[in-house]
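What you see is a predicted model, and the numbers here were worked out from it, not measured in a lab. Convention: sequence-line order gives letters A, B, ...; per-chain numbering from 1.
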Amino acid sequence: MQERYDPAAVERAAQEHWERTSAFRAAEDPGRPKYYCLSMFPYPSGKLHMGHVRNYTIGDVLARHHRMRGFNVLQPMGWDAFGLPAENAAMAHGVPPAKWTWDNIAYMKRQLKSLGFAIDWSRELATCSPEYYRWNQWLFLRMLEKGIAYKKTGAVNWDPVDKTVLANEQVIDGRGWRTGAPVEKREIPMYYLAITRYAEELLAELDHLPGWPERVRTMQANWIGKSHGVRFAFPFELDGRQEKLWVFTTRADTIMGVTFCAVAAEHPLATRAARDDPRLAAFIEECKHGSVMEADLATMEKKGMPTGILVRHPLTGERIEVWVGNYVLMGYGEGAVMAVPAHDERDFHFAKKYGLPIRQVIDLPGKSFSLDAWQEWYADKQSGRCVHSGRYDGLGIEEAMEAIAADLEAKGLGGRQVTWRLRDWGISRQRYWGCPIPLIHCETCGTVPVPDAELPVVLPEDCVPDGSGNPLARRRDFVECRCPKCKAPARRETDTMDTFVDSSWYYSRYACADNAGRMVDERVNYWLPVDQYIGGIEHAILHLLYSRFWTKVMRDLGLVGFGEPFSRLLTQGMVLNEVFFRKPASGRIAYYNPAEVEIRRDEKGNRIQAVLKADGAPVDSGGVTTMSKSKNNGVDPQALIERCGADTARFFMMFASPPEQTLEWSDAGVEGAYRFLKRVWAFAWTMRETVASAPGSVPLPLPDAATATRRTIHFNLKQANYDFGKFQFNTVASAAMKMLNALEAAPRSGAAEAAVVREGLSILLRLLSPITPHLCHALWSELALGGELLDAPWPEPAAEALARERIELVLQINGKMRGSVQVAASASREDIERAALAAEAACRILAGRTPKKVVVVPGRLVNIVP
RNA sequence: GCCGGGAUGGCGGAAUUGGUAGACGCAGCGGACUCAAAAUCCGCCGGUGGCGACACCAUGAGGGUUCGACUCCCUCUCCCGGCACCA
């Protein structure tokens, strides 16, 4: 054994040992409970970032912990390898996305290996390999057969200069990121997956996922957005025909307050009206500017223009004017809305802006309605009553909705309906670096699926995108093909799939990644569902919802025997860092990495200013945000690993904050982690002979000092085991530190004392081993504490070590801490009360008065209320 | 704008879920060792007042419930995540 802690040597040796013994190779074993521990696979962006280190360390801690608790653990890893950054890299450096991606994978795999994660690498997969994505294509064709996949138009961001579709992140302030041209909305044909068919189940099953964080379930439920309302029509006559304008509302009780209707710019009624009205046509054109992002639509100025078309109110027959509104979405609901300015905030402001009538139809006792300003209660859905509503006057919200829905139904103009906020999943991307959609367009046969036998449709790997559309469309060897039906020359579809398709089922493929003949085989039902899924909170909705949907489709196709893919979910917070920048009067804003910036403080440690180390001049702070390339606020874990080792990086990541919380980076704390590991090593070195000669079990009874040491060890172990259950690894790390503090201070001369130290070290190393496996592996074997640490039994606190005869209770007087009282552990309520009233502080403060009340909390405190 | 979450010393965070606020660590200060420095070790470390015992203030801000509130309720401020083509 070496005296000095040398992380590089320790880690190399441990990793070689695990490699040699195939320690993390997982196999099905019906005799043991299985534990499938999965961290979200990374996008191979180039190198690991701190978020990855955090994510995979959390997963590894859980995997190793469960292994020691006797579970058959599977922890696989792969690559979410398709996506936009590869195309951006291609544009910047002229490298084909395939080469860039595979190079990144090779580098990041080395980095992951150096962190010593207990991963079964034999199951590795990359979504950009044809062996993987052929099953995307295969399942897409099954969905097409079942009508779950279908074609319709959808809106995209269009850059009119580059003549290309832009991703939302490529639209900056409504302009294309490369051209600066104002972005337009375009309707293009796309393929959709009917996730809305599963809306009811996706919502209902959320209640049966107790292992999911409440906040994620709430977010998903709100996203799915089930609402009960009424779909009804405003009849009208146009061009000599009887027509109906359909709308949906959740506030049918306010229907008597409708003063106008609004339709989307793409609505047929708008198109018809614009035919005779050039100003309206121009307005509709204007509505097409801007991005398709909901956040933009929600915050933009609400604008509108009348169409001149009048429709009839379905209940009163009153004439209602139809407007075109830029805030009405064609793809959502009917593309038309009724407007009740008195009871909808958006309609209220719109009506005020354009001088449209506002008619109050709901009243709340004690409130007075005024046209001057919007008040929150106008939209109240609880306790209002109908007014100015004819025969509905006096009805409550629910009664009014019931009556109105019935009347609409009687007239054949509508009725109750359930709607969903959730929209079908558009999977077409006009991009190169993705999974090809396996379809062929034939002039005579139409759109024809590629036959299963011809799968996969392989993506050529040598294209280099240049920002002007999809290079696949220019590849004649890809596009030109024959129609599978009539054998005539035909064109291959060049759109690729959304990368969320790739990540919607990779976790199932890990169970049987070696099966070239089937998407999944029977092993999937051994390993899945995933027992513990770990990933960033930013995936709380989309990725997790799509995966749940995809799983249900696979279940309905008989491919898997489960409907929910992830039994338990841990959503880690993001890793943030401060952003520093300078904005010159002219020219581009410059970002400086926090490593280049020095924080100046006063003698109390309060921050005065931030300066650039290079020139000593101040820089501005842009707050803290997620680490990103564009803001240059990332911290490279590689440097940390090289300087202090993987165990220090892992320990610090776990110690810095609980997993679910956002983590603000600070490199100051790293030193403390490194120092602690060095102390563990040094202590083990000092104790190597003591441990070797110590008895294998602790002789009882122990001398007092040794009893106290042992109690500290077991008490902290109990606390740590409780914290493990809460995924609170920062306090597990604290408990380990407290154990070491106790052991260093412990007596070690006699045989009993040596046995306590030996037991303490054995507990400490096992407790710490999921977090710092290399260090613990080395010390466990050096001290010969028994077999392979990986499979050592997880320690449990001993009842006799925790027991104590006397305990200390907090003494409060009127809720304020005023000292403590010592009582026997078995003391009764009366004993405690007597002891408390006899305490010096109690006598002094009470000064002879009789207390009103004495509150005793067993094992904790006693509160005297004077 | 809408949905979800967060705020505790100079800093990261703890508080057994309504019961000692600040565990553990970082930074800082003082000391030991050293020719010196680094490393290491020991001590102090929320604020105000007091020689001191101690008292008062303090968990983003304001109110409330309770013997007792970081924890529960109401109002507000700021920050973070998501908003369907970033992953």
Exercise. Go ahead and write out RNA chain B as dot-bracket, 5' to 3': ( ) for pairs within the strand, [ ] for ones crossing earlier pairs, | when the partner sits on another strand, dots for unpaired; Watson-Crick or G-U wobble, both distances under 3.5 Å.
Key: (((((((..(((......[....))).(((((.......))))).((((....))))..(((((..]....))))))))))))....
Exercise. Write down the distance separating the P atoms in B:C54 and B:G6, rounded off to the nearest Å.
Key: 38 Å
Practice problem: Measure from the side chain of A:Met574, starting at C-beta and using heavy atoms only, and say which of B:G81, B:U40, B:G1 lies closest. | Solution: B:G81
Exercise. Please determine, for the side chain of A:Pro85, which listed nucleotide (B:G12, B:A23, B:C86) has the closest atom?
Key: B:C86
Quiz prompt | Closest to side chain of A:Arg860, choosing from B:G5, B:A84, B:G19 | solution = B:G19
Quiz item: What nucleotide among B:C83, B:A27, B:G68 has an atom nearest to a side-chain atom of A:Asn863?
Solution: B:G68
Exercise. Give a yes or no on whether a salt bridge exists between A:Lys152 and A:Glu187, defined as a side-chain N under 4.0 angstrom from a carboxylate O.
Key: no
Self-check item: Among B:C80, B:C56, B:C24, the one nearest A:Thr662 by side-chain distance
Solution: B:C80
Exercise. Taking atom P in both B:C70 and B:U77, compute the distance separating them and give it to the nearest angstrom.
Key: 24 Å
Self-check item: A:Asn168, nearest nucleotide to its side chain (from B:A84, B:G25, B:U17)
Solution: B:A84
Quiz prompt | Lys/Arg-Asp/Glu bridge criterion (N-O < 4.0 Å) met for A:Arg643, A:Glu671 | solution = yes
Self-check item: Residue A:Asn222, side-chain heavy atoms: nucleotide from B:C3, B:C86, B:G25 that is nearest
Solution: B:C3
Quiz prompt | Salt-bridge present (A:Arg429, A:Asp495; N to O < 4.0 Å) | solution = no
Exercise. Among B:A87, B:G19, B:A15, find the nucleotide with the atom closest to the side chain of A:Gln728.
Key: B:A15
